[in-house]
Amino acid sequence: MTAGVADTTRAWFDDNRFDVWIQSAAGRTFDERSAQAIAAVQGVAGAQAWTNNDVQVDDRDAEAWGLPARPLMDMRISGGRFYRPDEVARGARVAVIGRSLSRTTGTGLGDDLRLTTANGPATFRVIGISANQAANGDVVFVPDRTLRDVLDAPANNVWITTTADDHELIDATTTRLEDTLAASGNQVVSLVNYDAREDQVAANASISMSITVLGLLIVGISMVALINTITTGVLERTREIGVLRCIGARGRDVRRIFATEGLTMALAGWAAGVPLGYGLARAVGWLAGNAVGLDIAFVFPLGYVAGALVGTLALAVLVMLLPLRRAVRFKPGEALRYA
């Protein structure tokens, strides 16, 4: 599940083909003057203005994104299609909805979707389903001109591409953009795509560490149980050990018997744990995805299975050292008299 969350997070940022996301603050929007100021900033290769606003769909909170026909983002269309340039130009009432919103509202291709906006209700025809994780999938993508007409408001977001992928250039360009827009009276919030990606991956790593610690705790408890099982087996079969030693069994023979039993139990645990872990990962990923509205990618690399096998055998050998040492230290006479 940890790997799935990390992959889902990376996929969201990797879907973005912009370098900087500028959002207006304090109710200010971007007009033609702002667009000219942005285009003139050193390091800016291109800019794409668009609009978003909070809406409701069947009393469920969602976001409406008014985007161009070719947005700087991979829309991940999983059904139907995205709207065309001619539909944007004429302000068509068409929409592409997020997969989470489609699932929770029961809205599909060809259905009418009624949005409750700050400027009144508006109805759109659903032409596509998107697997993009914007707004956790609770999103409606509509032509930018259409949404601006519905809201009677100009763009309040701008995606920026820079002249190079160099991080220092992107940071410097972001600073210049903020200064330029502030000078023209625009209060903005900026998001640098590569930086946000690194921060989110780092945050996921912290969650992953917590899950890893929990997993190691479970492994530790299992190893203690294995030690107790082998130690109990040694104590309960002390007389048998004595008989084996009396008929010529050497210490390494006794050690081999109990080591084989311990490794067999460890392998049985691994064999049972892999399918159990697979099913548990599926279930937890599904529950976590439903809780936050994300389609969390399921990742179960075969390398993890091999790693678990190696780790299981190594830990089993380690925890068996003490009980096996006890088994071979019994002298034949003492072992036979053991009650």
Side-chain angles (χ1 to χ4, degrees), residues 4 7-18 21 23 46-151 153-159 161 193 286 289-290 292-298:
D7 283 1
T8 301
T9 302
R10 293 189 186 97
W12 153 248
F13 289 101
D14 291 344
D15 282 346
N16 300 334
R17 295 193 289 269
F18 57 84
W21 179 355
Q23 299 170 281
Q48 190 174 79
W50 59 282
T51 308
N52 82 326
N53 209 290
D54 294 333
V55 297
Q56 283 194 326
V57 180
D58 293 342
D59 296 324
R60 179 183 177 88
D61 292 334
E63 291 186 22
W65 288 29
L67 299 178
R70 297 183 179 88
L72 294 174
M73 176 184 285
D74 186 345
M75 302 314 300
R76 292 186 177 268
I77 300 300
S78 59
R81 63 177 178 85
F82 202 66
Y83 41 82
R84 301 184 302 267
D86 64 290
E87 291 171 319
V88 175
R90 69 172 187 267
R93 293 290 182 98
V94 293
V96 176
I97 63 175
R99 195 154 56 185
S100 177
L101 187 64
S102 173
R103 182 171 55 243
T104 55
T105 61
T107 305
L109 296 175
D111 292 342
D112 286 337
L113 184 71
R114 182 181 173 86
L115 303 183
T116 303
T117 73
N119 207 33
T123 302
F124 296 81
R125 179 171 57 88
V126 177
I127 62 171
I129 307 296
S130 171
N132 188 285
Q133 299 288 4
N136 292 345
D138 286 328
V139 62
V140 182
F141 301 110
V142 300
D144 182 51
R145 178 177 175 179
T146 306
L147 186 59
R148 284 190 280 112
D149 289 343
V150 168
L151 299 175
N156 53 8
N157 293 267
V158 181
W159 284 330
T161 57
N193 193 57
W286 180 80
N290 279 353
V292 299
L294 287 174
D295 291 317
I296 297 177
F298 179 72

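Numbering starts at 1 and runs along the sequence shown.
- The two atoms that bring Thr161 and Phe18 nearest to each other are CG2-CA, 4.1 Å, heavy atoms only.
- Classification of Arg84 and Asp86 as a salt-bridged pair holds, one side-chain N sitting under 4.0 Å from a carboxylate O.
- When the shell of 6.0 Å around CZ of Arg70 is examined, it contains 12 or fewer heavy atoms from other residues, nucleotides or ligands.
- A pairwise comparison of heavy atoms in Arg17 and Met73 identifies NH2-O, 3.3 Å as the closest pair.
- At a cut-off of 3.5 Å, with distance as the only test, no side-chain donor of Asn193 or Trp21 sits close to an acceptor on the other residue.
- Between atom CG of residue Asp74 and atom CD1 of residue Ile77 there is a gap of 8.5 Å, rounded to the nearest 0.5 Å.
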Identify all side-chain donor-acceptor contacts of residues 143-150 below 3.5 Å with residues at least two apart in sequence or on another chain.
| from | atom 1 | to | atom 2 | distance (Å) |
| --- | --- | --- | --- | --- |
| Asp144 | OD1 | Thr51 | N | 3.3 |
| Asp144 | OD1 | Thr51 | OG1 | 3.0 |
| Asp144 | OD2 | Arg148 | NE | 2.9 |
| Asp144 | OD2 | Arg148 | NH2 | 3.3 |
| Arg145 | NH1 | Ala89 | O | 2.2 |
| Thr146 | OG1 | Gly91 | O | 3.2 |
| Thr146 | OG1 | Ala92 | N | 3.4 |
| Thr146 | OG1 | Ala92 | O | 2.9 |

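- The shortest non-hydrogen separation linking Arg76 to Asn132 is CB-N, 3.9 Å.
- For the pair Val57 and Arg114, the minimum side-chain heavy-atom distance is 4.5 Å or more.
- Between atom CG of residue Asp111 and atom OG1 of residue Thr123 there is a gap of 12.5 Å, rounded to the nearest 0.5 Å.
- Annotation: side chain of Leu109 is in contact with side chain of Ile129 (closest heavy-atom distance under 4.5 Å).
- Distance check, rounded to the nearest 0.5 Å: CZ of Arg93 to CG of Leu113 gives 12.0 Å.
- At a cut-off of 3.5 Å, with distance as the only test, no side-chain donor of Asn53 or Glu63 sits close to an acceptor on the other residue.
- In this structure, CD on Gln133 lies 10.5 Å from CG on Asp138, to the nearest 0.5 angstrom.
- A side-chain donor-acceptor contact under 3.5 Å links Tyr83 to the backbone of Leu67.
- Heavy atoms only, all atoms of each residue included: Pro68 and Ala49 are closest at CG-O, 4.2 Å.
- Annotation: the span from Asp58 atom CG to Thr104 atom OG1 amounts to 8.5 Å, rounded to 0.5 Å.
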Tell me, with the steps shown, if Met75 and Val96 meet side-chain contact (heavy atoms from CB on, under 4.5 Å). CA-CA 9 Å; Met75 302 314 300; Val96 176; over 6 Å; no
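- Judged as a ring-ring contact (aromatic ring centres under 6.0 Å, His included), the pairs with a partner in residues 104-144 (not counting sequence neighbours) are, in order, Trp65-Phe141.
- One finds the CZ atom of Arg125 at 8.5 Å from the CG atom of Asp112 (value rounded to the nearest 0.5 Å).
- Across every non-hydrogen atom of Ile127 and Phe82, the tightest pair is CD1-C, 4.2 Å.
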